[in-house]
Number of protein chains: 2
Amino acid sequence: MGKCEQCIIKQFNSLKSLTKDELVRISNCKTSHTIKKGTVIFEEGDAINGVYCIKDGICKLSKLSENGKDQIVKMVVKGQLLGQRSLVSDENSNLQATALNDMEVCFIPKSEIIADLQKNPKFSFDILKDMAHDLKEADDIIVNMAQKSVRQRLAEALIYIHNSFGVNPDGTLSVLLSREDFANIVGTATESAIRVLSQFKKEGLISTIGKQIKIESIEGLKRIE
Amino acid sequence: MGKCEQCIIKQFNSLKSLTKDELVRISNCKTSHTIKKGTVIFEEGDAINGVYCIKDGICKLSKLSENGKDQIVKMVVKGQLLGQRSLVSDENSNLQATALNDMEVCFIPKSEIIADLQKNPKFSFDILKDMAHDLKEADDIIVNMAQKSVRQRLAEALIYIHNSFGVNPDGTLSVLLSREDFANIVGTATESAIRVLSQFKKEGLISTIGKQIKIESIEGLKRIE
DNA sequence: ATTTTAATATGATAATTGTCATGTTTTCTT
DNA sequence: AAGAAAACATGACAATTATCATATTAAAAT
């Protein structure tokens, strides 16, 4: 099993602020996992008790609404930490995490890392920065949900996914989402999401290869009102 | 001017985790302010460079949408800290803060408190907990915005305000909001908010005394689908 | 390879919400 | 106290979005 001290992934998240000694200790108690696409990593209400360092892949964080829909609140990718909040609060998770493709993760038990959070101010400040950033993003999402049309939100979601998670060699979005996922990001009915995507296609803003989506005009998508 | 060490307000926020020495130092550099209802405390894009400890009153945090509406993202009351995020990130504020009634606040410059954040792990852990809580709340708001009707959201907003900020002796909500404010919390047109409130009144769920609102049946509001 | 199932697509229609117009009430100003 | 301005209220209508029905296509299972 790989060692945290030597793992490049940590450069991308708060673990980079741990000392070598701390990393060695964590490395000895972490567990590596391969997670198949579609697997639920944790559910709403679960006690998580640790963080996942994502070595590869991507997952969605969602919350079940009373109307039966599963609103996607955030996506977490390779390099990032999943479940940071469980380190801080003793409450159970308010979100469900589901793998969007095959993932490789390391799980670090809370018990082993919580002391570092208390002792290593650089580390806790890093986590703090992360959360502040998440909070800012959440504010933006709230405003978008409240004030923008489905069309606008979907256009922005496409741009966001394009810019944040990149594209395949053929130009299609590297994260493969179902139409239902798109609907659950944007907060609309699946049919509505499908309809809007069809329109975007007609307008030449995107093209599709099977369920893969390729953005043809970011500028065009940005211009949508 | 009052001294932080003796101030009861700090019991309600993360400042309680500062040592006596730290509090004394902060007390010497803080500035007290009275803020009139309606005053903009800081705007989007402002560099805040400190936190406000709210001794009395309440304010709204909002963000301007492209369509000209001012979405209210959060309300901050007596006892809480305003602008915590400015301590952590060096970016300018993404939100505007506006006093909803007359306020009394103490402003603590970032320069004086940032060292404590680095050195006092109890304090930074407290702030971390706060942010984790805010983030959880933000998730809930996103789901509500995306999946619930205006009617449901407004009912929930009324309940939230009732439970979180309390009522006057006559039973009316102690935070006096305009219909436009309600619309901006719920993310709808002012006319729609007015309409729904009128309906709630007709249905006996609320009553009004001028623009003051009194909840007559929390259970009824909760039952709305 | 064929059946079965799930995902995508589109039409028709209903429900929700936004916009504009206009009137009323309340609050503020002088 | 009178007039002006802002906030509240409601109707009429348009736009957006959800829901239900039903194809069509793609993926999975046997």
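So you know, we letter chains A, B, ... as the sequences are listed, proteins then strands, and number each from 1.
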**OP:** Assess whether salt bridge (Lys or Arg N to Asp or Glu O under 4.0 Å) is satisfied between B:Asp139 and A:Lys63, documenting all intermediate values.
**Re:** CA-CA 8 Å; B:Asp139 289 341; A:Lys63 190 165 154 57; over 6 Å; no

**OP:** For the pair B:Arg151 and B:Glu225, evaluate salt bridge (Lys or Arg N to Asp or Glu O under 4.0 Å) and give the outcome as yes or no after the intermediate values.
**Re:** CA-CA 8 Å; B:Arg151 213 172 130 77; B:Glu225 304 220 340; over 6 Å; no

Subject >> Chi angles and distances behind the salt bridge (Lys or Arg N to Asp or Glu O under 4.0 Å) call for A:Arg85, A:Asp130 >> reply: CA-CA 11 Å; A:Arg85 250 182 295 167; A:Asp130 251 34; over 6 Å; no

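Taking every side-chain heavy atom of B:Ser192 into account, C:dG18 is the closest of C:dG18, C:dT10, D:dT19. Residue A:Ser178 has its side chain nearest to C:dT8 when only C:dT19, C:dT17, C:dT8 are considered. In the set D:dA21, C:dT17, C:dT19, C:dT19 carries the atom at the smallest distance from any side-chain atom of B:Glu191.
For B:Lys211, no side-chain nitrogen or oxygen approaches OP1 or OP2 of C:dT26 to under 4.0 Å. Remark: A:Ser198 is in phosphate contact with C:dT10, judged by side-chain N or O atoms under 4.0 Å from OP1 or OP2. For B:Thr188 and C:dG18, the shortest distance from a side-chain N or O to OP1 or OP2 is below 4.0 Å. For B:Lys201, no side-chain nitrogen or oxygen approaches OP1 or OP2 of D:dT10 to under 4.0 Å. Phosphate contact (OP1/OP2 of D:dT16, side-chain N/O of A:Arg151, threshold under 4.0 Å): absent.
Both A:Ala189 and B:Ile194 lie close to DNA chain D; mapped to their nearest nucleotides by heavy-atom distance, the more 5′-ward contact belongs to B:Ile194. Annotation: of the two residues near DNA chain C, A:Glu180 and A:Ala146, the 5′-most nearest-nucleotide partner is A:Glu180.
Looking only at distances, a side-chain donor or acceptor of B:Ser93 sits under 3.5 Å from a matching main-chain atom of B:Leu95.
Spacing between atom CZ of B:Arg179 and atom P of C:dT26 amounts to 12 Å, rounded to whole angstrom units. What separates CD of A:Gln147 from P of D:dT16 is a distance of 16 Å, to the nearest Å. Atom-to-atom, CG of B:Leu154 to P of C:dT17 comes out at 11 Å; the value is rounded to the nearest Å. Summarising the geometry, the separation between NZ on A:Lys148 and P on D:dT16 is reported as 16 Å, rounded to the nearest angstrom. With rounding to whole Å, A:Gln199 atom CD is found 14 Å from C:dG11 atom C1'. Atom CG of A:Asn184 and atom P of D:dA18 are 12 Å apart (whole Å). Between B:Ile213 atom CD1 and C:dT26 atom P there is a gap of 15 Å when expressed in whole angstrom units. Rounding to whole angstrom units, CD1 of residue B:Ile206 and P of D:dC8 are separated by 13 Å.
B:Arg195 contributes a side-chain N or O that forms a donor-acceptor pair with the base of C:dT19 under 3.5 Å.
With respect to B:Arg179 and B:Glu191, no salt bridge is recorded, no charged nitrogen being found less than 4.0 Å from a carboxylate O.
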